[in-house]
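Okay, structure first, notes after.
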2 protein chains.
Amino acid sequence: MKSMVTTQLENGRQTEVLLADDLKDLSAHLGEYGRLVLWVFDTNTVKLFKQLPPSHVVLESGESAKNFSSLERILSSALDEGLARDGRIIGFGGGVVCDMSAFAASVYMRGCRLTLVPTTLLAMVDASLGGKAAIDFQGMKNMVGSFYPASEVLISIDTLRTLNEKEFLNGLAEVIKHALLSQDEELYKFLLMRKNEILSRDPKTLAALVELSLKVKQWYIEQDPLETLGIRQSLNLGHTFGHALESSSHYLMWGHGACVAWGTCRALEAGVVLGVTDKAYASGATKLFKSFGYDIEYRIGRGDWIEYRDHLLKDKKKVDGNVRFVLLEKQGSTILMPLDLQLIQHLVIAKPIF
Amino acid sequence: MKSMVTTQLENGRQTEVLLADDLKDLSAHLGEYGRLVLWVFDTNTVKLFKQLPPSHVVLESGESAKNFSSLERILSSALDEGLARDGRIIGFGGGVVCDMSAFAASVYMRGCRLTLVPTTLLAMVDASLGGKAAIDFQGMKNMVGSFYPASEVLISIDTLRTLNEKEFLNGLAEVIKHALLSQDEELYKFLLMRKNEILSRDPKTLAALVELSLKVKQWYIEQDPLETLGIRQSLNLGHTFGHALESSSHYLMWGHGACVAWGTCRALEAGVVLGVTDKAYASGATKLFKSFGYDIEYRIGRGDWIEYRDHLLKDKKKVDGNVRFVLLEKQGSTILMPLDLQLIQHLVIAKPIF
């Protein structure tokens with residue numbers, strides 16, 4: 001185990017991200033917690049263990065498990081196992097397992113201990129750090145949840161080896177988004193220069209990629225842990241456009257990351273139209289997404305606009321009834337603003353403008 | 001509206017408790033929030049209004065409504081009404097409505113605004129201040145919840161006029177408990193001297209009683225808002241004994257406050273047996289409870305011990321597997337300690353010792 005990132009949060013809480021040599025190293029670390037733990041897997045990650053820990057829950061894999069029923073299953077198992085407030089929930093899986101475990105830990109006896117072991121690239125660079133936990137509710141993504149940072153996040157790069165291509169690209173979209181939000185160009189250049197090692201999943205390259213990406217996220221959340229100051233909302237770049245696509249297609253079409261890649265390019269276009277974003281920068285960023293294989297030129301059908309718009313208008317980031325979008329002024333600098341519905345419609349159903 | 005108590009909590013948050021002249025004064029204050037609100041009533045409190053606010057949910061009255069299904073109903077209505085994070089949930093009712101509204105507000109979009117209007121004495125002196133929200137889960141009281149202080153608590157003493165006797169005594173038990181925990185004897189003396197005005201529900205007397213009681217609670221929660229320092233746990237005096245009675249009798253027998261009165265007397269007895277509590281003080285406090293009509297001499301049947309014990313052992317306040325009880329060293333000074341099961345059995349099923 002080596003320390004990767006330590007994030008300072010409100011009330012003196014912190015999240016320590018540790019890099020394990022491999023799954024065995026990681027299991028040895030977790031074994032030290034003894035018996036007052038409950039593991040949460042999904043039907044994929046449960047296969048990574050030959051011998052399962054005695055107290056565990058296995059959720060269905062996939063976004064559809066992010067619901068009240070999964071929450072109740074985890075809470076019920078924790079109660080059956082006799083966990084008290086000083087007991088620990090260990091979420092071992094992708095974003096859904098991390099979100100469900102964190103939400104359950106936040107409400108179990110009003111808060112028990114939490115370790116997250118993200119096993120997908122998306123969960124490593126996004127869901128595991130920053131304390132946001134949520135479930136989907138009535139078809140709306142992440143509508144119900146809490147802020148509850150894990151005390152530790154354990155990363156074992158070898159879990160990325162067996163990830164399917166779609167899942168891997170889901171995570172990479174958030175990494176590219178972080179590259180645009182970074183205060184320096186290190187991650188952006190890393191993505192340009194090391195594309196082949198990244199796509200061939202060279203372990204050392206991926207460890208460096210995850211660390212660079214986490215450091216960008218860390219910068220934003222340390223300044224605004226509860227998303228009350230308008231700083232952390234920058235991390236939602238591409239998410240308002242993207243979530244509405246995810247929700248209105250009922251989570252069936254693309255993964256979260258692919259929607260974020262698509263949504264980020266829509267936000268870049270909106271910025272160009274409004275004179276907020278430099279056209280050359282937007283064009284370069286769009287090319288970077290394309291070079292990793294994202295279908296950023298996709299547009300929704302005219303008949304799907306109403307449903308898309310309705311999901312957009314239910315976005316959590318409304319203030320006084322207006323949905324505010326994150327636009328990019330330049331590398332690492334964002335601005336929040338409402339967008340005209342006609343412009344949005346033009347961007348999501350018209351032909352690409354560059 | 002006049003300010004009663006302002007409690008400072010973590011992260012610069014605060015809860016302001018305001019005393020309204022009457023329900024009309026209170027409604028006028030709430031009317032200023034406009035349309036981005038959702039009211040939560042129960043089947044009793046909904047009758048207090050001739051004209052209902054357009055956006056509202058009505059829960060069944062009683063402890064059985066403190067469940068996931070009520071939570072989902074509130075969240076679903078909030079979503080239907082288009083509430084965003086800057087929307088407000090107004091909980092108008094007793095402890096169940098306050099708890100459900102606060103828990104819902106804490107998880108809706110990871111936290112929206114919250115006003116509580118406690119309409120029972122118990123909710124005024126307990127549930128509305130301090131940010132503890134919870135639901136019962138699998139027969140276990142307050143097993144799932146969060147810390148989420150209301151930004152404002154509005155108290156209208158006229159809602160106490162129609163409270164039935166049992167409900168009124170439920171609240172009074174917490175007031176007497178606060179009298180024992182207070183750093184001075186003002187509340188204790190007030191209870192001794194003003195018994196008749198309290199029981200005849202003289203409005204001015206009740207307003208003074210609520211204020212004195214809230215100030216005791218305030219003292220504890222300001223020092224330990226998240227109950228992590230062992231100070232706030234003093235407020236659980238009587239609750240470990242009492243909750244187990246409440247849970248093991250399936251919430252059917254007595255109200256919460258009556259169980260707390262009973263549990264506090266058991267804790268006083270435990271303190272006397274262990275030489276922690278002064279016998280004369282314990283005896284005086286027990287008489288105070290008795291003088292207000294509590295059945296503190298009740299003992300559980302021998303055949304109910306196993307179920308009682310099982311509920312006791314699932315208490316949230318376990319550390320390293322041991323349930324810790326709040327005992328009273330003297331007025332305003334407590335100590336947390338585990339108790340031997342044999343002693344507990346002796347106290348809850350044997351004859352009274354004084």
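Only the side chain of B/Leu226 comes within less than 4.5 Å of a heavy atom of chain A; its backbone N, CA, C and O stay farther away.
In this structure, the side chain of A/Arg110 does not engage the main chain of B/Lys132 through any donor-acceptor pair within 3.5 Å.
Side-chain atoms of A/Arg85 and B/Glu227, non-hydrogen and from C-beta on, do get closer than 4.5 Å to each other.
For a heavy-atom cut-off of 4.5 Å, chain B lies close to A/Leu71, A/Glu72, A/Leu75, A/Ser76 in residues 70-78 of chain A.
Annotation: the span from B/Phe147 atom CZ to A/Ser106 atom OG amounts to 12.0 Å, rounded to 0.5 Å. Residue B/Ser146 holds its OG atom at 11.0 Å from OH of A/Tyr148, rounded to the nearest 0.5 Å.
Within 6.0 Å of the CD atom in B/Gln138, the count of heavy atoms belonging to other residues, nucleotides or ligands exceeds 12. Atom CD of A/Glu60 sits in a sparse spot, with 12 or fewer heavy atoms from other residues, nucleotides or ligands closer than 6.0 Å.
The greatest number of non-hydrogen atom pairs below 4.5 Å with chain A, out of B/Gly111, B/Ala133, B/Ala104, is found for B/Ala133.
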